[in-house]
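Below: the structure, in structure tokens.
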Amino acid sequence: MNPYVKSVIDNAKSKFRNEPEFVQAVEEVLSSVSPLIDKHPEYEKVDLLNRIITPERMISFRVVWMDDAGNYHTNTGYRCQFNGALGPYKGGIRFQPNVYPGVIKFLAFEQCFKNALTGLPIGGGKGGADFNPVGKSDAEIMRFCQSFMTALYKYIGPEVDVPAGDLGVGGREIGYMFGQYRRLKGVWENGVLTGKGLSYGGSLIRPEATGYGAMYYLNEVLKHYGENIKGKTIAVSGYGNVAWGICKKAMHMGAKVVTISGPEGYVYDPEGVSSSEEKVNYLLKMRARGLDRIKDYSDNFGVKFFPNAKPWGEKVDIYMPAATQNEVDLESAKKIVQSGAKYYMEVSNMPTTNEALEYLKQHNIIIGPSKAVNAGGVGVSVMEMSQNSQKLVWTAEEVDTQLQRIMKNIYKTSVETAQEYGLGYDLVAGANLAGFKKIAQAMMEQGVF
Ligand code: GLU
């Protein structure tokens, strides 16, 4: 490994030891770009690597809200504006009790490279709060979102920073946040948030975009190996908006999603969760209940439920983790290899521990990295921003055509960049190198700060 890269990673490991997810992301990206740093000794002089792993800004704020019984609760909100060299900061907001600066920083860091890889003019950021939306009433969610936006609104804007959804934040939460932003600023700036409802500037296909994009990317990988997606079986984890989009597109493409999972286990549906509109849409119903429970699916459709387990190890052609970070550890990776599956497409952000990733790679599993596979979501977010600024509404076909173009382009750029550095067909390194290259060039051209 390049000595400058190594020293920056070692330093990050000790400096950020209390933020292990962030260290993991830094190590993964920087070790991939080592061959590029070899070719650019000038980067060390301007300390480019330490600058690229240091957020431009990290905002943290208090969020106080009242529950339905009239009691007050205090949470902490964050927005990390990681890198703005390519455009306004862009990335989602996550509401989950495990949110702390290490999670927000890793997500924002990953977002920078993902966004660069889309080829679109956006920087990277991420936000969230350690708030647990599970079991909260609609009124409680609204009060929390309003309080969160009251603290955040002065730091964002259509040309500054454009948040969207992530875990625990969907169309409903974006609506409440947008309403509060409009009320506070007294201006119609709907380009400040993406993932909005269609009635006030949302984009068609945005809810489906991450799942659809992942399937388009998978299709490119299969084509490379001369295989057809039709008839392939897929194990998916998670059951949220992303898993829903995967199932919907799998249905169109003739592939079969046989598992979905929740925090308390997974279900195996031999006919396929993707076998009917009714099943696919049941995912939305479960999500809308706000209980974060997957067993309802097996009760409703009479299929097997595996409590406290993950679907890794099921006999399928393709794995698509789409729940959360580090859901696939070394043990899970071993099961995946044993199952005989050939393809592993990361859909959630950083679903694989670095150890597990290394193991899968050593055992010749074809890996699609999350920052490429799930980039369709943010890609369509940028289309939403374009429609808002042009005061236009695109048709579903127009959005979908662009989404397919973006995903093909991400795949092609990743393949070509890995080849350029003599790494062969390495989609992980290719994605990291391509994203990094773009940001590094823009930073170099904009001077040192
Ligand atoms: N949270 C999503 C992601 O991880 C979407 C971000 C966006 O649309 O800005 O990329």
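For ligands, and for the atoms within them, numbers begin at 1 and follow the listed sequence. Source: prediction; values computed, not measured.
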Checklist entry - Which of parallel (below 30°), tilted (30 to 60°) and perpendicular (above 60°) describes Tyr266 and Phe306? => result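 Ring orientation of Tyr266 relative to Phe306: parallel.
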Checklist entry - Tyr225 vs Tyr425 aromatic rings, parallel, tilted or perpendicular, using cut-offs 30° and 60°? => result perpendicular
Checklist entry - Is there side-chain contact between Tyr343 and Ile367, with at least one heavy-atom pair below 4.5 Å? => result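 Side chain of Tyr343 against side chain of Ile367, heavy atoms only: no contact under 4.5 Å found.
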Checklist outcome for this item: Logged contact type for Glu384 with ligand 1, heavy-atom cut-off 4.0 Å, is neither
Checklist entry - Can you tell which part of Asn349 has a heavy atom less than 4.0 Å from ligand 1: side chain, backbone, both or neither? => result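 Only the side chain of Asn349 comes within reach of ligand 1.
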Next on the checklist: Looking only at distances, can you tell me whether any N or O atom of Asn374, backbone or side chain, sits closer than 3.5 Å to an N or O atom of ligand 1?
Outcome noted: no
Checklist entry - What atoms of ligand 1 come closer than 4.0 angstrom to any heavy atom of Lys126? => result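 Checking each atom against Lys126, I get 1 (N), 3 (C), 4 (O).
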Identity and distance of the protein heavy atom lying nearest [atom]:
| atom | answer |
| --- | --- |
| atom 3 (C) of ligand 1 | Lys114 NZ, 3.3 Å |
| atom 7 (C) of ligand 1 | Ala164 CB, 3.4 Å |
| atom 9 (O) of ligand 1 | Lys90 NZ, 2.7 Å |
| atom 8 (O) of ligand 1 | Ser381 OG, 2.6 Å |
| atom 6 (C) of ligand 1 | Gly92 N, 3.6 Å |
| atom 5 (C) of ligand 1 | Arg206 NH2, 3.4 Å |

Next on the checklist: Keeping Asn349 on the side-chain end and Lys371 on the backbone end, is there a donor-acceptor pair under 3.5 Å?
Outcome noted: no
Checklist entry - Does ligand 1 have an atom under 4.0 Å from some heavy atom of Gly165? => result yes
Checklist entry - Does ligand 1 have any atom that is closer than 4.0 Å to a heavy atom of Gln111? => result yes
Next on the checklist: Can you tell whether the side chains of Asp296 and Arg289 come within less than 4.0 Å, N to carboxylate O?
Outcome noted: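 Yes, Asp296 and Arg289 are salt-bridged.
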Under 6.0 Å between the ring centres of [X] and [Y]?
| X | Y | result |
| --- | --- | --- |
| Phe61 | Tyr155 | no |
| Phe109 | Phe22 | yes |
| Phe106 | Phe82 | no |

